[in-house]
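Quick note: numbers below take in every heavy atom, side chains included, and nothing from hydrogens, waters or symmetry partners.
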Amino acid sequence: MWKGINMAKAYYINKIKKFILETNDTILGQLHINDEFETTDFQHNAWKEEIKILKNELAGFNLGDIIFEYTVPRIGTRIDIVLIIKGIIFILEFKVGAKEYNRRSKDQVMDYALDLKYFHEQSKMVKIVPILVATKATSLKCQIIFMEDKISEVICCNKSNIGETLKTIIENENEIDIDGYKWFNSRYVPTPTIIEAAQTLYRNHSVENIFRNDAGAINLTLTTKAINNIIEQCKTKGKKAICFVTGVPGAGKTLAGLNIANGKHKFEENEHAVFLSGNGPLVDVLQAALAKDKAKRTGVTIKEAERETKAFIQIVHKFRDEALKSTDAPIEKIAIFDEAQRAWDKESLSDFMKRKKGVNNFNMSEPEFLISILDRHKDWATIVCLVGGGQEIYKGEAGIVDWFNVLKNSYLDWNIFFSNQMTDSEYIGDNSINGLLGDREYNIIPELHLGVSLRSFRSEKLSSFIKELLDNNATKAQQLYGELKLTYPIVITRDIEKAKNWVRKKARGSERYGLLASSEGKRLRANGIWVSSNINHVGWFLNDKTNVDASFYLEVVASEFKVQGLEVDWGLLAWDIDFRYESRMFAYYKFRRDKWQHVNKEIQKRYMKNAYRVLLTRARQGLVIYVPIGNDMDNTTKRKYYDELYQYFKEVGIEEI
């Protein structure tokens, strides 16, 4: 076995020729010693069978390395076997006793191959072969087909033809040898989805363990540290503080909040934290994902797991409603408010309280009421506001300005913290900090801004490109697109079937794809695309390929309200003429009754523009934009409306499929 390596990354590592000579009991013993969990009888027996099969099938191999149970931190699982032979990485997923090669298992081993290709430095340029081993299945003819990124299509083997398959591949491929020791110690730099990251954090892993070690992850770590320092100061000195964390779309604001909430979820130490969001779909999906993951790992029922996750992540409206029932301080000393810019203004919240709750004398905005709840604590409290620029999409969302208006003359004993980026117009519009806060003192901490997008690991230029595209800066957008398309494909089409086939072909393994559209895209219905306000968003994001409610079917459309804060790997955005292009500029329309009506209010225009900003930034790996052809026989879908929009995209340089 190699010396000086981190055995937390795998349970057993050796040269293949030494593995063959070592006794089965010795190998099995090493697997048990390095297993971080209590090994089940099922796992013990599976390892015994794998060792026996591999010793027989690898008997003729004098070169190469073998690794058992190689960890994949991003998705919280382990690869059964990694073989490194003559410059090729073979990934073996064993299904001991299986008699067929099912699709889910094929997706599983392909996911491992994609994970290494995307995030493991020494695997980026080499050939990777995912192999599904169903030990009792019938033999299939080996067909090796490598794709552009040097990952082969999944190969299916049984217990008797693994060696033969490996030899066939090695003989046909002439690759430069890989140093197994160097490969094993190479940097693994993952970028998980928010669902994967939340699940990993909930298993008590740190941000450093699940994120890539580049500027984005360093920034995220520093932001987390800065917030923790503020909380600790409040706790030790008996102070109250509110801090605002800003960041570009996809920079990890939600993840930073979840990380703080998870780390401070300590009743016994008087620092219980809760993660609050007004984004109902996000809360629903995260609660369901965490509960499902915990039930799978621990054996508790889904309902038991849900009780715990609902204490950790809550919808802000329920937290607010509980506070109406009593004037006592809440159990939480730390409240993290996700998407704080979407808090309701005074008029909207007062109207809601009167209509829905029967509270006639309510006269506060949501920011004021939320601060007042935490202010009930006599000793200390901390509020963390996670703020996204250009993300307001609902009527009545006041933006960050309303928080500052409250703090200007009230809660004078609360310390205020934010970054030097808070002065950007995306956060405070045309206002100034001093104009908003008056004579209030505030503290500038640069680390409270997250400036690098983590959503798209393929390109960090996506946010800039989308901004220029929506701001009608065709020249700048064209320049950015030229750089972006090399790593993050964005294409356009007038054919919905072409668009669907594009995302299906691009996605491999369990990579998720889905159909997106603006909530105001009412005339997409003429093209068979119905935008409903009521969809099963939990199923859309979490169900597998066999469920018709899942995003994979490309039938259920998710609007900006359902996907904000969440993401898919590949997106299909159906673009209607609610946000159209005419007279060389974007124009804003809403469809009412039987015609399009021009939108004149600036606040409504901002919401509509932000809706498309949200939709355009949901895909991690690539996006196809579908613009209908239109129909001159229908005044609501005239061709020229769609043609002008399409020509603008072509002027920007977006490639057509």
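Around atom NZ of K545, more than 12 heavy atoms belonging to other residues, nucleotides or ligands sit under 6.0 Å away. Taking a 6.0 Å sphere around NZ of K296, one finds it holds 12 or fewer heavy atoms contributed by other residues, nucleotides or ligands. Around atom NZ of K239, no more than 12 heavy atoms belonging to other residues, nucleotides or ligands sit under 6.0 Å away. Taking a 6.0 Å sphere around CZ of R355, one finds it holds more than 12 heavy atoms contributed by other residues, nucleotides or ligands. In D413, the CG atom is crowded: over 12 heavy atoms of neighbouring residues, nucleotides or ligands sit closer than 6.0 Å.
Taking 4.5 Å as the limit, some side-chain heavy atom of I227 sits within range of a side-chain heavy atom of T223. Counting only heavy atoms from C-beta outward, the side chains of V384 and C243 approach each other to under 4.5 Å. Counting heavy atoms from C-beta on, the side chains of I373 and P330 come closer than 4.5 Å. In this structure the side chain of T246 never reaches within 4.5 angstrom of the side chain of L448, judged on heavy atoms. Side-chain contact between M608 and V599 is present, with heavy atoms from C-beta onward closer than 4.5 Å. I313 places a side-chain heavy atom less than 4.5 Å from the side chain of L258. Residues M353 and L349 have side chains in contact (heavy-atom distance under 4.5 Å, counting atoms from C-beta outward). The shortest distance between side-chain heavy atoms of Y442 and F244 does not fall below 4.5 Å.
Between G571 and V503, the closest heavy-atom pair is O-CG1, 3.7 Å. Scanning all heavy atoms of the two residues, the minimum distance from N543 to R512 falls at O-NH2, 2.7 Å. Nearest heavy-atom pair, Q314 versus Q287, reported as atom, atom and distance to 0.1 Å: CA-NE2, 4.2 Å. When all heavy atoms of A305 and A291 are compared, the pair lying nearest together is CB-O, 3.4 Å. Closest of all the heavy-atom pairs between R376 and D328 is NH1-O, 3.0 Å. Annotation for Q341 and L386: closest pair OE1-O, 3.7 Å, computed over non-hydrogen atoms.
For the atom pair S518 OG and L524 CG, the distance stands at 8.5 Å (nearest 0.5 Å). Rounded to the nearest 0.5 angstrom, R618 CZ and L566 CG are separated by 8.0 Å. Atom-to-atom distance recorded for S410:OG and E368:CD is 6.0 Å, nearest 0.5 angstrom. Rounding to the nearest 0.5 angstrom, the gap separating the CG atom in N405 from the CG atom in D345 is 11.0 Å. We find the CG-CG distance between L615 and N610 to be 11.0 Å, quoted to the nearest 0.5 Å. Taken from NZ in K590 to OG in S519, the straight-line distance is 7.5 Å, to the nearest 0.5 Å.
A donor-acceptor contact shorter than 3.5 Å is absent between the side chain of E339 and the backbone of G278. Between the side chain of H377 and the backbone N or O of E332, at least one donor-acceptor pair lies under 3.5 Å. D107 contributes no side-chain N or O that, together with a main-chain N or O of S510, makes up a donor-acceptor pair within less than 3.5 Å. For S350 (side chain) and E347 (main-chain N/O), no donor-acceptor pair under 3.5 Å exists by modelled atom type. A side-chain donor-acceptor contact under 3.5 Å links R440 to the backbone of L407. A donor-acceptor pair under 3.5 Å is absent between the side-chain atoms of K378 and the main chain of D375, judged by distance alone. When atom types are taken as modelled, the side chain of D284 and the backbone of V538 share no donor-acceptor pair closer than 3.5 angstrom.
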Practice problem: Could you give me the CA-CA distance, side-chain angles and deciding distance for V406 and Y411, then say whether side-chain contact (heavy atoms from CB on, under 4.5 Å) is met? | Solution: CA-CA 8 Å; V406 172; Y411 306 102; 3.9 Å; yes

Quiz item: side-chain contact (heavy atoms from CB on, under 4.5 Å) between K240 and L374: does it pass, once the steps are laid out?
Solution: CA-CA 9 Å; K240 295 174 183 175; L374 271 293; over 6 Å; no

Quiz prompt | Worked verdict on E306 versus K303 for salt bridge (Lys or Arg N to Asp or Glu O under 4.0 Å) | solution = CA-CA 5 Å; E306 281 178 345; K303 285 191 175 181; over 6 Å; no

Exercise. Any chance you could lay out the side-chain contact (heavy atoms from CB on, under 4.5 Å) test for K325 and D321, step after step, and finish with the verdict?
Key: CA-CA 7 Å; K325 299 175 182 177; D321 293 347; 5.6 Å; no

Practice problem: Apply side-chain contact (heavy atoms from CB on, under 4.5 Å) to the pair S365 and W403, showing each step before the final yes or no. | Solution: CA-CA 9 Å; S365 67; W403 290 87; over 6 Å; no

Quiz item: Is there a salt bridge (Lys or Arg N to Asp or Glu O under 4.0 Å) between R620 and D569 once you walk through the steps?
Solution: CA-CA 5 Å; R620 284 159 54 84; D569 290 292; 3.4 Å; yes

Exercise. Please step through salt bridge (Lys or Arg N to Asp or Glu O under 4.0 Å) for the pair K605 and E602, ending with a clear verdict.
Key: CA-CA 5 Å; K605 289 181 180 181; E602 289 303 317; 3.5 Å; yes

Exercise. Apply salt bridge (Lys or Arg N to Asp or Glu O under 4.0 Å) to the pair D379 and K333, showing each step before the final yes or no.
Key: CA-CA 9 Å; D379 48 0; K333 305 296 284 286; 3.1 Å; yes

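Between Y513 and the options Y553, W570, F552, F541, a ring pair (Phe, Tyr, Trp, His ring centres under 6.0 Å) holds for only F552. Of the candidates N547, V568, V285, V568 is the only one forming a side-chain contact (heavy atoms from CB on, under 4.5 Å) with W540.
Salt-bridge check for R320 with E366: passed, with a basic side-chain N closer than 4.0 Å to an acidic carboxylate O. Salt bridge status for R523 with D578: absent, with no side-chain N to carboxylate O gap under 4.0 Å.
No side-chain N or O of S277 forms a donor-acceptor pair with one of N279 less than 3.5 Å apart. Between the side chains of E304 and T301, at least one donor N or O lies within less than 3.5 Å of an accepting N or O.
The aromatic rings of F362 and F369 sit perpendicular, their planes meeting at an angle over 60°, well past the 30° parallel limit. By the 30° and 60° cut-offs, the orientation of the rings of F579 relative to Y612 is parallel.
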